[in-house]
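To keep things clear, I will list the structure first and then write my remarks on it.
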Amino acid sequence: MPSADSPFATGADAGTDPKVTDVRERLAAAYQASATAPEKAAAKLASQSKLYVRERISLLVDEGSFVEDGRFANSRATGLPADGVVTGRGTVDGRPVIVIANDPTVKAGSWGSRTVEKIVRATEMALREELPVFWFIDSAGARITDQVEMFPGRRGAGHIFHNQVALSGKVPQICCLFGPSAAGGAYIPSFTDIVIMVEGNASMYLGSPRMAEMVVGEKVSLEEMGGARMHCTVSGVGDLLAQDDAEAIELAKLYFSYVPQNWRSDLPAYAAEPPSVRLTRHTVPERESQPFDIHEVIDGLVDDGSFFEIKPLFAAELVIGFGRMAGETVGFVANNSAVKGGVLFSDSADKASRFIWLCDAFSIPVVYLADVPGFMIGSEVERGGIIRHGAKMVSAVASATVPQFCVIVRKAYGAGLYAMGGPGFAPDATIALPTARIAVMGPEAAVNAVYANKIAEIADEGERAAYVAARRAEYEEDVDLERLAADLVLDQVIEADLLREELLLRLRYAKNRERHFATKRRDVPPV
């Protein structure tokens, strides 16, 4: 009879072929070896507040839906159940997915030749059937002892990355990083659409602290080198920080609820709900110099509690994420004047670019909420390539073919207007609140730039102030909001309390827009 832990019958019955009995017993032993973590490994997982790989998968997929492939990989080797990775397919909220999950109890989740083959086959299945992929990463990287078998060949580890790039934009790829993702394996998370890292356990690095000390003489801790908080706040490689495995998986499932099955599929739709707060004409401060949190505007536009922010700890002067409007997914790119005045930096431009590409890949309309004084200036940012990074954001905006709506919340100065999907980038509509201002630069900076010499010549303080005030008034008249609307720079000027309904109507009408941008093989992005 099968044991409680194995589907294989063990023990010899009358008339049973001894060879078949032997096969069953060996299969039962191999099956049971990968069913639970060994006692010592289980204790280590518990000490790290980690879940066993199969517990992680059971939290992700619908009960009874998981079908595993290659469970007996490398079963003749000692101590390598399933060769350290669990692969297969199941459903998440009824939607079919591929799952690839490292088992850190098997040689620290390291890769051997069959590990790689299993992952390659899983990604090939995802490509054939255009299925989303959930990556559960917890791996020390390649087994050096197996390098010739798993590293250089046509079906070696490099083919995993090749397939991930082929999957990019075709299906959602969602990564939960529970432990290390070391050396070349660190590129797996970077090719996915979102990286959710467990604080205290997750790490990504090309070279370990020990290697860094040996090669470049740098003494650094693992957390400083590639820890979860560092990647979610400094490098931007991580998107979300989770407190434990269960929270990471829950965030992964929540993210999945916003995106389609693949690039051909419709977006998921849910019951429409009113916003948690109403936008009013008092939500946005009228003085452009007064900082405020743009989340207040987003919360007034999206269905109650539906905003899912991405990279909230990185480049927080720009807010990106998904919300639902009348039950349907919308992407938001919003300047946040409460952080660094909402000025765009290289990091915020990178953050926006990738998100816009993501939305464009999966047919998610984008709403830009502009309250931006422009890009940061100064020698430090120039040496950091802010022109290159800013051009990347502008390129992403220009080439996106999904419905795009530019909402001028307050100021939209200089190239900031362009980066936030302004009129020159053919948005489906440019909408302004009465608090909006559009100009090459703010009035104070403009007057000083044009009239600096004249201002310096006026000795009398009162006369100088009057001259400056007059020139400022002239400048503001030149960029008056009504004039911009009259000249068709703006498609609509509307009070904030009417903005949600206006956008809902326009989103509905834009669903069937033409998705062609330009005929060419591909662009050469300024990255």
Side-chain angles (χ1 to χ4, degrees), residues 95 172 255-281 283-284 294-309 319-334 355-370 396-409 420-434 436 485 488-517:
R95 301 164 65 187
Y255 173 88
F256 188 49
S257 73
Y258 288 89
V259 296
Q261 186 74 3
N262 55 53
W263 70 290
R264 304 176 198 272
S265 303
D266 292 333
L267 292 168
Y270 296 83
E273 296 184 27
S276 58
V277 296
R278 279 189 60 82
L279 270 183
T280 74
R281 61 192 61 189
T283 302
V284 180
I294 198 65
H295 290 91
E296 297 174 29
V297 175
I298 296 172
D299 288 343
L301 292 175
V302 303
D303 296 2
D304 186 10
S306 71
F307 187 57
F308 184 89
E309 188 169 357
V319 175
I320 60 170
F322 298 132
R324 292 194 179 97
M325 296 186 68
E328 298 188 1
T329 304
V330 176
F332 287 88
V333 178
F355 181 70
I356 295 164
W357 289 330
L358 174 68
C359 290
D360 197 43
F362 294 119
S363 300
I364 298 170
V366 180
V367 172
Y368 301 91
L369 299 176
V397 173
S399 60
T401 61
V402 288
Q404 297 183 86
F405 298 91
C406 176
V407 179
I408 313 297
V409 177
M420 295 300 292
F425 290 80
D428 290 73
T430 302
I431 303 168
L433 303 186
L488 299 182
V489 172
L490 301 170
D491 297 296
Q492 180 65 285
V493 181
I494 196 169
E495 292 285 3
D497 50 1
L498 301 174
L499 180 59
R500 174 177 157 94
E501 292 308 314
E502 179 86 10
L503 285 171
L504 283 173
L505 283 172
R506 291 182 179 274
L507 283 162
R508 186 189 310 161
Y509 298 145
K511 279 187 175 181
N512 296 319
R513 69 166 287 171
E514 169 62 41
R515 292 295 305 273
H516 176 74
F517 174 61

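Only this structure's heavy atoms are used, side chains among them; waters, hydrogens and symmetry mates stay out. Keep in mind that this is a model prediction, so the values were computed, not measured.
Looking at L498 and Q492, their side chains never come closer than 4.5 Å, going by heavy atoms from C-beta outward. Residues E309 and I320 fail the side-chain proximity criterion, which asks for heavy atoms closer than 4.5 Å. Side-chain contact between R500 and P275: present, with at least one pair of heavy atoms (C-beta onward) separated by less than 4.5 Å. Counting heavy atoms from C-beta outward, V333 and I356 have side chains that approach closer than 4.5 Å. The shortest side-chain heavy-atom distance between L301 and L279 falls under the 4.5 Å cut-off.
Listed by chain and number, the residues in a salt bridge (charged side-chain N to carboxylate O under 4.0 Å, His left out) with E328 are K511 (sequence neighbours excluded). For R278, the side-chain contact (heavy atoms from CB on, under 4.5 Å) partners two or more places apart in sequence, or in a different chain, are D497.
Look at R324 and D304 and you find no salt bridge, because none of the NZ, NE, NH1 or NH2 atoms lies under 4.0 Å from a carboxylate O.
Considering every non-hydrogen atom in both A326 and L504, the closest pair reads CB-CD2, 3.7 Å. The minimum heavy-atom distance linking D491 with A429 is given by the pair OD2-CA, 3.3 Å. Here the closest non-hydrogen pair linking A485 and V493 is CB-CG2, 4.0 Å. Taking all atoms of both residues into account, the shortest heavy-atom contact from A361 to W263 is O-CB, 3.9 Å. Of all heavy-atom pairs spanning P365 and L507, the tightest one is CB-CD2, 3.7 Å. Of all heavy-atom pairs between M420 and L369, the closest is CE-O, 3.5 Å.
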For the pair I431 and L499, evaluate side chain to side chain contact (heavy atoms under 4.5 Å, CB included) and give the outcome as yes or no after the intermediate values.
CA-CA 9 Å; I431 303 168; L499 180 59; 4.1 Å; yes
Show your working on side chain to side chain contact (heavy atoms under 4.5 Å, CB included) between L433 and V284 and close with a plain yes or no.
CA-CA 9 Å; L433 303 186; V284 180; 4.0 Å; yes
Apply the test side chain to side chain contact (heavy atoms under 4.5 Å, CB included) to residues H295 and V319: give CA-CA distance (whole Å), side-chain angles for both, the deciding distance (0.1 Å), then the verdict.
CA-CA 8 Å; H295 290 91; V319 175; 3.7 Å; yes
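Side chain of D428 to backbone of A510: no donor-acceptor contact under 3.5 angstrom is found. No side-chain donor-acceptor contact under 3.5 Å links R281 to the backbone of E495. Put simply, the side chain of E514 gets close to the backbone of H516: a donor and an acceptor are under 3.5 Å apart.
Between Y258 and F308, the distance from one ring center to the other falls under 6.0 angstrom.
Note that the OG atom of S265 and the CZ atom of R95 stand 8.0 Å from one another [nearest 0.5 Å]. Summarising the geometry, atom OG1 belonging to T283 is positioned 10.0 Å from atom CD1 belonging to I294; distances are rounded to the nearest 0.5 Å. If you take CG on L503 and CE on M325, they are separated by 5.0 Å, rounding to the nearest 0.5 Å.
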Validation: residues 400-408 side-chain donor-acceptor distances under 3.5 Å, sequence neighbours left out:
unit_1: T401; atom_1: OG1; unit_2: D360; atom_2: OD1; d: 3.4
unit_1: T401; atom_1: OG1; unit_2: R515; atom_2: O; d: 3.2
unit_1: T401; atom_1: OG1; unit_2: R515; atom_2: NE; d: 2.7
unit_1: T401; atom_1: OG1; unit_2: R515; atom_2: NH2; d: 3.1
unit_1: Q404; atom_1: OE1; unit_2: Y368; atom_2: OH; d: 2.4
unit_1: Q404; atom_1: NE2; unit_2: V397; atom_2: O; d: 3.4
unit_1: Q404; atom_1: NE2; unit_2: A400; atom_2: O; d: 3.3

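Applying the ring-ring contact (aromatic ring centres under 6.0 Å, His included) test between F322 and each of F355, F362, F332, F307 identifies F355 as the sole match.
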